[in-house]
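Below is one structure, written out as structure tokens; comments come after it.
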Amino acid sequence: MRSRLITTTALLALTVLVSGCHSVKDLVPPNFRAPETSDAGLKQAKDALQQATPCCTTFADFSYQDALPWQPKKFALGPGSMVVNLNGDRSYFLSFSLPRESQVPYRVAVKSELNGRWLRASYLFAPTVVVLDDAFQPIDSKDVSLCEHMGWTDATTGAFGSVDITDKRARYLVLYSSAKQQSSSTYWEQSPAAFSAEAPVKMAAAGSFKVPHGPDGTVWIGMMDKTYQDAVNNAICAKPEQGNGVLSTLREAIPLPGLGNNASKSDATKATPTPAPTNSSNNDTTPAASTSAKG
């Protein structure tokens, strides 16, 4: 009887502990919970795109009533946005008429924002830009390469890219995401002090990784301005090459005593052998020396 009571008490205590863990988990805010799976959001976004009904199959079907913004403007692409089906590949898209008064060449700025609460569970909408002529025929197409820039404001933070308009025939612009872009990724540098995806109190061990591309997200597009130009110029596109260290660089760049190339010069001097004297070229010194020795 006593052993049965102990077993029942242990089972009751275990049940309380399990339910307590679930209640504690429920009390943690969603933005502090670790993601169940890192690709759950991306998979849902892909499924939503495949279930959407395309409105267009050619560039001539698009509406070009909206003019390209004179400075980068924010657009949200996702469920509810128009979908194009180009050669069997689906994508959300934007379409604009280009400014007739602008002289070529000029530059169009593009920026994508991370989509997701957790960095390691996030993805990017990677744009493809197509430039069309008056007859809606493509004259240029580019999968925009994105580079990370972390600034002090939202305007200077994200994945930046640009497109040059160089053809005088350019009249329209379409932004979508090609199949190649959606299956690729963007290099992203993470501070070692950033929170990891496992827990908000655990620091991330890796300093960099690649963010996958997805079918939806927030994108900025418009004529290039100074803020975006500075971000594009200073953005990180790939992992930098490993150098020899700051001191080694200073020694090569600043030829100062103790820092410059003096050490290498002295080593070269020490390594140069001293030529041995010969008796064939100088006959005056030898007799003088022997005469003084005799005296």
Side-chain angles (χ1 to χ4, degrees), residues 30-32 35 38-46 48-49 52 66 68-83 90-96 107-129 142-163 173-178 180-191 194-197 200 204 208-238:
N31 58 323
F32 279 92
S38 59
D39 60 346
L42 180 57
K43 184 178 183 302
Q44 293 176 1
K46 291 181 178 180
L49 176 61
D66 295 333
L68 183 71
W70 284 103
Q71 61 182 11
K73 182 180 178 181
K74 182 178 181 180
F75 296 90
L77 296 175
S81 303
M82 292 185 295
V83 177
R90 296 189 180 193
S91 174
Y92 302 107
F93 72 92
L94 299 169
S95 55
F96 305 96
R107 179 165 289 185
V108 177
V110 178
K111 184 188 80 168
S112 292
E113 294 183 358
L114 286 173
N115 194 340
R117 292 195 308 264
W118 296 86
L119 186 56
R120 290 188 178 274
S122 296
Y123 58 89
L124 290 166
F125 178 88
T128 301
V129 172
K142 178 182 180 181
D143 286 336
V144 180
S145 298
L146 298 176
C147 300
E148 174 208 357
H149 185 266
M150 303 301 290
W152 294 102
T153 63
D154 291 339
T156 57
T157 300
F160 289 81
S162 63
V163 176
L173 184 145
V174 175
L175 181 146
Y176 75 107
S177 187
S178 67
K180 180 180 178 181
Q181 283 283 65
Q182 293 186 40
S183 61
S184 186
S185 60
T186 292
Y187 174 82
W188 202 269
E189 186 177 75
Q190 181 186 8
S191 170
F195 290 131
S196 71
S208 62
F209 55 96
K210 290 184 177 181
V211 175
H213 295 168
D216 62 10
T218 300
V219 62
W220 297 67
I221 185 171
M223 298 287 286
M224 181 71 75
D225 60 7
K226 186 180 184 304
T227 300
Y228 271 64
Q229 185 64 63
D230 291 342
V232 170
N233 293 341
N234 297 304
I236 300 173
C237 302

Can you see which heavy atom on Tyr123 is nearest to which on Ala45, and at what distance? OH-CB, 3.4 Å
Checking the side chain of Ser178 only, and the main-chain atoms of Thr128 only, is there a donor and an acceptor separated by less than 3.5 Å? no
Side-chain heavy-atom pair Leu173, Val163 within 4.5 angstrom cut-off: no
State, to 0.1 Å, how close Pro72 and Asp225 come at their nearest heavy-atom pair, and which atoms those are. CD-OD2, 3.7 Å
Spacing of CG belonging to Leu77 relative to OG1 belonging to Thr218, to within rounding of 0.5 Å: 8.0 Å
Locate the shortest heavy-atom distance separating Leu146 from Ala126; write the atom from each residue and the value. CD1-CA, 4.0 Å
For Trp188 and Ala159 the tightest heavy-atom approach is CZ3-CB, 4.0 Å
Can you check whether Arg90's main-chain N or O pairs, donor with acceptor, with Gln182's side chain at less than 3.5 Å? yes
Pairwise side-chain contact, Val129 with Val108, heavy-atom cut-off 4.5 Å (strictly under): no
To the nearest 0.5 Å, how far apart are CG in Asp154 and NZ in Lys74? 8.0 Å
Would you say the side chains of His213 and Thr186 form a donor-acceptor pair under 3.5 Å? yes
Close side-chain approach of Val174 to Leu94, heavy-atom, < 4.5 Å: no
Side chain to side chain donor-acceptor pair (under 3.5 Å) involving Ser183 - partner list, sequence neighbours excluded: none
Give a yes or no on whether the backbone of Val232 and the side-chain of His149 come within a donor-acceptor separation of less than 3.5 Å. no
Got a second to check how far Ser112's OG is from Ile221's CD1, nearest 0.5 Å? 10.0 Å
Tyr187 OH to Cys147 SG distance, which is reported to the nearest 0.5 Å: 11.5 Å
Has Glu148 got a side-chain atom pairing as donor or acceptor with Glu189's backbone, closer than 3.5 angstrom? yes
For Phe160 and Tyr228, take the angle between the two ring planes, folded into 0 to 90°, and tell me which bin it lands in: parallel under 30, tilted 30 to 60, perpendicular over 60. perpendicular
Heavy-atom donor-acceptor pair, Lys142 side chain to Ser162 backbone, under 3.5 Å: yes
To check you understand the geometry: which heavy-atom pair defines the closest contact between Lys210 and Ser185, and what is its length? CD-OG, 3.4 Å
Heavy-atom pair with the smallest gap, counting every atom of Gly161 and Val144: CA-CG1, 3.8 Å
For Gln229, look at atom CD and say whether over 12 heavy atoms of other residues, nucleotides or ligands are found less than 6.0 Å away. yes
If only atom types and distance count, is the side chain of Lys111 paired as donor or acceptor with the main-chain N or O of Thr157 below 3.5 Å? yes
Is there a side-chain contact between Leu49 and Asp216, using heavy atoms and a 4.5 Å cut-off? no
Do Glu113 and Trp220 have side chains that approach each other closer than 4.5 Å (heavy atoms only, starting at C-beta)? yes
Less than 6.0 Å separating the ring centroids of Phe125 and Phe75? no
